[in-house]
Structures are given as structure tokens and as C-alpha cells.
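Every value quoted in this text rests on a predicted model; they were computed, and no experiment measured them. Atom set for the values below is all heavy atoms of this structure, side chains included, hydrogens, waters and symmetry mates excluded.
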Amino acid sequence: MDGNSDTTQGNHDKRVADVGFAGISRRNFLKGSGAFLGASFLASSAVVAAGCASEKEKAPASGTSDNSSSAATEFDTFSTDVLVVGCGIGGTLAAVQAYKEGCQVTVVDKGPFKASGVTGMNWEAGVYKFGMIEGRGNWVDGFSNMAVSAKIDEWIGTSLEPWNLALTFVRLGSSSLRRNEDGSLYEREFDVEGVFSRHAPEYLGTHTDIDVLDNTMITGLCISDGICTGAIGVHVPTGRYRVIRAKATVIADGGSTQMFGWSGTGAISINVPDNTGDADMAAFRNGCSLIGTEFFSSDMVSIFPPAIGGSFAAGIGADAYSTQYVMDNQGKYFLGADSEGHYLPITTQVAQAILDGRGSEHDGVYVDLTQPGAAEQLRWAYGRNIEMWKNTFGIDVTAPGYKVEIGIEAFEHMGSPVVDENAMTQIPGLFNVRGLGNMMGVSPFLHFLPPYAGYSAASYALDIDDDNDSSADWASVEEEIMRLEGILNAGGNKRPHEIRHAIQNAVYGAFHVGADADRLNTALAEIQRIKSEDMPQMAVTNKTRCYNTEWRMAIENVNLLELSEATLQASLMREESRMFFFRSDFPETDDENWMANILVNYDNGDFEYEIAPIAVQ
Ligand SMILES: Cc1cc2nc3c(=O)[nH]c(=O)nc-3n(C[C@H](O)[C@H](O)[C@H](O)COP(=O)(O)OP(=O)(O)OC[C@H]3O[C@@H](n4cnc5c(N)ncnc54)[C@H](O)[C@@H]3O)c2cc1C
């Protein structure tokens, strides 16, 4: 059976989308008594793809909000048992598990279905290569939330389901693991043409009838009496608002690294540009504490020539498979010849070397791909880009004497709403596949925290009485639509991309060679300046609603700016170094004082920071 998606036009006969159109007054919008379109009309409508609104819909099916904008603001409503925001590996695992528990599930993704998110690497490299199933603590350095870990252990102890799901994805194919005929696993030769496997979302599409609303950016939450009753967002191709009502909602919107640097083609990050923490920050603004904001996970990527550096799509990286070829400006390799796989400490060493004057011209170091076998080691797009650099730009990185200049890049960011032992955030009904506050974020639990979040969300949803419709409070929907209309219609002299670059430059200035108090304070001052001077001037010059990427960037800027502030302030507080987190003014790990989490709380626009103990069993 095919999954129901906006792009694949699924045919689930019981679920239909309600088509929004003008004609509902502000009063009716708020009261939820606006025009209601019956299912028979909807089923025959060709306007919106098959979705997931229930025939029992009681809230306004569609309408316009009466706000200061001259344009009508149209919205469509959908309803489901469990809503999952994000369709990477985390979201897919949560969605499939909730579906297996017997729930109607809807996944919303900002990108195109099966082609979005980082997806997929964790459950092979993370779990198998580094043995994370057995040793969950190994990359998290004791930071794991052991309360949720114990609950997960209890849960997986009762069911083979999560293990089977993980192995199913491996069997379907992965970018480095294959099976021998006898079923045993082997690591295949690197395929330089290969990019990330996306077998998890493919499985979702072929083995379930989960509904997928793709190209839909969630920006806000539906909150009713302090309970999460779904989410609100924009269908990017049309600009129509979408309100997805859900008994339980799971956030899975990935690692928000896009505030880290700028290099002509994008952020100095190999994470996907879609991940800007929109759902995380919506939860934050509704009272969820963020955890782990001070932690980026980093490796290295080319930073020169800048127009083709700094990105996964066009850059050349030095990740786990090529760190042994990373050298300083004197030709000294950071790691010895037998050091393949020694991954974690190198960005700290590199930052220190740059501070010591052993860096490259543009505040990086070098990777030497002229060594025998070095170029062949490069994985994914990096390998492919060797040819692209050569053919398109005439740069042969394997030519004798050539060294690729690389800088520290952020491939993950840990800031996410904190979860309890049920993977639920501080808002009842809102769950999160991340939110542990550990150094690798989702990695060590990847097989298990996301499906556990899906399981928990499903249990919560199945407990809610169908007849007890608690989602009649449309104030949060109206408020969010007003906010987005405000962003679209504001006048000013700052384009969203200028503000994005200012944020990226500030954050990069603080972290690209580790951090210290001076650089963190400088960056914080710049973020405060952007907040008070630039943001009130941010103007979307293109007012169209169809694929308005400028509007989208402006909405994202609000989130990235807030996340940047939380990241910088929490980093300033953490006076130690730990794993990827490197304070050059506090280079030692300080377990005595800092085996603790920093929570960021939101209070009417003010941020408050709180040191919290790591949750133990
Ligand atoms: C280049 C690279 C290499 C890596 N290599 C490894 C490795 O070798 N081993 C390893 O263990 N880990 C690796 N990682 C880390 C690992 O891939 C990630 O931790 C993991 O894939 C994250 O999964 P996720 O589902 O949380 O996020 P993602 O896969 O990024 O999914 C997030 C999803 O949320 C969607 N989304 C974002 N915002 C919104 C919104 N507002 N509304 C709706 N949807 C939204 C996005 O479109 C996306 O589909 C790597 C990461 C990168 C970037």
C-alpha cells in the first residue's frame, strides 16, 4: 500500500482534506463555527490532495482570518491521531512505531517526501560501526538521560518490534552495510557516487498508509488549555496555511545547524538547510525548556574556495574516514597513520592548532588527498565532488602538492525541547525524538528513542476519548497566522538573507576555533544588536505566497536568532571543554562542576538559564 502524500496522491478513502476558502469571520474563526465542508464535497474536490481530516471534524474546516493583512489568509485543516513533524530517520521511526500501535498517523515534512532531512546514517555507522547498541554511553560521555534510557530498556525488553524495525531498514539497504548470502552483515566498498540512504522514509511509503503532507513547514503549535492539540504551518508551494489537529504530536525536525557560518553556498554545515529548529522553537515559545543548546557536533569541510566550500553539496570534507590525512600549516598530521576512526578529539585539536598559529590562511587547516588511497576514502557527495571540482573549476585536489583548506563545520546541533521519561516535553501531548541533552543528540538512542517517542505518543493518543474534542480553542491558530502574516507584510530595509548572514557570521565568529568568553560575548552582543536593530527592519520584498523562499527565510530567522542566543549564552555558562564542545579558556573537562545540563526557559520573551542535574534512573 502506498503512503498518502501530497506528492504521491494516496487514496485513503476515509480521510479527506478540508478545503479552505474565504468567508469565515474572526468571531467564527475563534469559536470554531465557521463554514464546514462536508466530506462528500471534499472527496470530490480536486483542489487539495488526499489528506487526513476526519469526517467528524468539529472545528472550522476552513476559512479566512480577519487580520490587518489585505489578502485573505486561507487555511486547510486536517486531523489525525498522531502527528509527526519531520520525516528524517527520527520522524520515520516514530511514525512507523505509532502506526504499528494502531494509530492513524500523519507526517509533515518541510522538504519533499523521501528526499529530505539528513536521514539514515546513524543507524548504521552509529549503531554498528561504533557499537552503540551495547555501549550507549560511549559517545555521550555520561550525559545520557538515564531515566528515559531505563524506560526504553523496559520497553524494548518486552518487544522485538524496535529491533526488527532497525534491522528491516538495514536489510532494505544502507550506504555502507550489506548482507552476505548467509545473512551476516558486511561493510561494502565506498561508492563515491553515493549519497545518503533514505530507506526509512521509503519503507514508510511502501509498508504503511501513513499520510504525508510534504513541502509543509510547521511554524507553530495548536495549544488548548495548555495541551498540545496539533500544529500549524505553511504549505510552501501555495502559501496556504495548514492546521493539523492531533491527539498527540511528535517533534522530529532534526539538528538546527544553519546558524553556523556562511560560505557562499550556504551555512558552514553539512546538515540540511531545512533544519532551522522551527518546531523546537515553537515549543520553546510555548513554555518548553530547551536542553543541550550549547552543543554542536563538528567535523571539517572545505572552506576555500568559498563559493564552493562549506557545504555538503559542493564541498569536500574531512570526516571520520579521512581525519588521518588532516594536517597543519607545517605539514604535520594531527593523527598518526594508525589513527583511522579516531574521530572525536580532532576538531578540538584543530581549533587549538589554529589558535596556536598553525592554521591555514582562512582559519582552517588542510586535508591532504594526495596520499595513496586518501581520495578513495571520501564518502558520499564529498567523493563525487572531487570530479566536480576538477571538471567544473579545474581544481585537482589529488594533484601533487595540493592541499584542501578545511574548517570546522557543524553537522549537528543538540538544542531541543527537553523530554521526560516518556519522551514527552513539558507540554502535555507534545513528544520529541531528541531532547536528551547529550553530546550526539539523537545518535546513541537513535534506534530506540524515536520509536519509543512514537510508542509513547500513540499510547497517549489512544487514551483520548474520540468524543471529547478538546481542540475547539482556535486562538493559538489565529495568533500564529497573525504572526506569519506580520512577517510577510512588515515593511523595512533589511532583506531576510542579510539577517541570516549576520546571524551566521556572529555564531561562526564565536565557535569556529572553539569558543572563549571574549568571542562568545562579542557574538552575543551582535545577536542582541540584530534582534533590536535588524529584526524590526526585516522586510519580505516579494509578497507572493507561492514558493516564497524569502518569506520562509524570514520565518526561519526568528527561530535561528533565538536559538543562537540560547546557544551562545549556554556556551558562556559552561566553563569547561567536553567532547566536541571546546572552550579554549577552559580546556579541561570538569565533571565535578559540569556533569549537568543547562536548560533554557522562555518567560514572556525573556530567556532564563538553569543548571539542571542529569536525569538518573
Ligand atoms: C552529512 C552528515 C553525515 C553524518 N554522518 C553520520 C554518521 O556517519 N553516523 C552517524 O551516526 N550519524 C551521522 N550523522 C548524524 C545523523 O545523520 C543525524 O543525527 C540523523 O540523521 C538525524 O536524524 P533526524 O531525523 O533527527 O533529522 P533529519 O534526518 O535531519 O530530519 C529532520 C526532518 O525534519 C524536517 N523539518 C525540519 N523543519 C521542519 C518544519 N518546520 N516542518 C516540517 N518538517 C521540518 C526536515 O525536512 C527533515 O526531513 C551525520 C549527519 C550529517 C549532516
Peer 1: Taking all non-hydrogen atoms of both residues into account, name the closest pair between Ile499 and Asp534 and its distance.
Peer 2: CD1-O, 3.6 Å
Peer 1: Is the shortest heavy-atom distance from the side chain of Glu480 to the side chain of Tyr241 under 4.5 Å?
Peer 2: no
Peer 1: Under 4.5 Å between any side-chain heavy atoms of Val419 and Tyr452, yes or no?
Peer 2: no
Peer 1: Please list all pairs passing the salt bridge (Lys or Arg N to Asp or Glu O under 4.0 Å) test where one or both residues lie in residues 256-278, with sequence neighbours left out.
Peer 2: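 For residues 256-278: Lys110-Asp278, Asp274-Arg552.
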Peer 1: Closest heavy-atom contact between Ile530 and Pro536?
Peer 2: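 Heavy atoms only, the tightest pair is O-CD, 4.5 Å.
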Peer 1: So, for Gly415 and Asp280, which heavy atoms are closest and what is the spacing to 0.1 Å?
Peer 2: O-OD2, 3.6 Å
Peer 1: Does a side chain donor of either Asn489 or Lys543 reach within less than 3.5 Å of an acceptor in the other side chain?
Peer 2: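 No.
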Peer 1: Counting only N and O atoms by type, is there a donor-acceptor contact under 3.5 Å from the side chain of Arg583 to the main-chain atoms of Ser571?
Peer 2: yes
Peer 1: Check for a donor-acceptor pair, side chain of Gln258 on one end and backbone N or O of Val272 on the other, with a separation under 3.5 Å.
Peer 2: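 Yes: the side chain of Gln258 pairs with the backbone of Val272.
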Peer 1: Quick one: does His413's side chain have a donor or acceptor within less than 3.5 Å of a partner on Thr293's backbone?
Peer 2: yes
Peer 1: Quick one: are Leu561 and Ile527 in side-chain contact, heavy atoms under 4.5 Å?
Peer 2: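 A side-chain contact exists here, since the closest heavy-atom pair is under 4.5 Å.
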Peer 1: Check whether any side-chain N or O of Ser456 sits under 3.5 Å from a backbone N or O of Asn422 as a donor-acceptor pair, and report yes or no.
Peer 2: yes
Peer 1: Are more than 12 heavy atoms, taken from residues, nucleotides or ligands other than Tyr455, located less than 6.0 Å from that residue's OH atom?
Peer 2: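 12 or below, so no.
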Peer 1: Is a side-chain donor or acceptor of Asp420 paired with a backbone partner of Met424 at a separation under 3.5 angstrom?
Peer 2: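 Yes, the answer is positive, given that a donor and an acceptor are paired below the 3.5 Å cut-off.
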Peer 1: Of all the heavy-atom pairs spanning Phe260 and Glu409, show the shortest one and how long it is.
Peer 2: CE2-CA, 3.9 Å
Peer 1: Are the side chains of Leu484 and Trp551 in touch, meaning some heavy atoms are under 4.5 Å apart?
Peer 2: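 In contact.
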Peer 1: After noting the C-alpha distance and the side-chain angles of Phe580 and Phe511, does the key distance pass the ring-ring contact (aromatic ring centres under 6.0 Å, His included) rule?
Peer 2: CA-CA 11 Å; Phe580 294 109; Phe511 291 108; over 10 Å; no
Peer 1: Answer yes or no: is there a side-chain heavy-atom contact under 4.5 Å between Ser269 and Phe296?
Peer 2: no
Peer 1: So, Glu556 side chain and Thr276 main chain: donor-acceptor pair closer than 3.5 Å or not?
Peer 2: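 Here the side-chain-to-backbone pair does not exist.
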Peer 1: Would you mind reporting whether Thr425 and Phe431 have side-chain heavy atoms less than 4.5 Å apart?
Peer 2: no
Peer 1: For Arg285, give me all partners under salt bridge (charged side-chain N to carboxylate O under 4.0 Å, His left out), at least two apart in sequence or on another chain.
Peer 2: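 Testing Arg285 for salt bridge (charged side-chain N to carboxylate O under 4.0 Å, His left out), a comparison that skips the adjacent residues, returns Glu562.
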Peer 1: Are the side chain of Ser584 and the backbone of Gly514 linked by a donor-acceptor contact shorter than 3.5 Å?
Peer 2: no
Peer 1: With no hydrogens and no angle check, is any side-chain donor or acceptor of Asn559 less than 3.5 Å from a backbone partner on Met281?
Peer 2: no
Peer 1: Would you check if the side chain of Asp109 reaches a backbone N or O of Gly86 as a donor-acceptor pair within less than 3.5 Å?
Peer 2: no
Peer 1: With respect to Ile218, which candidate in Ile244, Leu213, Val234, Ile232 satisfies the side-chain contact (heavy atoms from CB on, under 4.5 Å) definition?
Peer 2: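 Exactly one candidate clears the test, Ile244.
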Peer 1: How would you list, by chain and number, every residue that makes a salt bridge (charged side-chain N to carboxylate O under 4.0 Å, His left out) with Glu610, sequence neighbours excluded?
Peer 2: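 With sequence neighbours excluded, Glu610 shows a salt bridge (charged side-chain N to carboxylate O under 4.0 Å, His left out) to no residue whatsoever.
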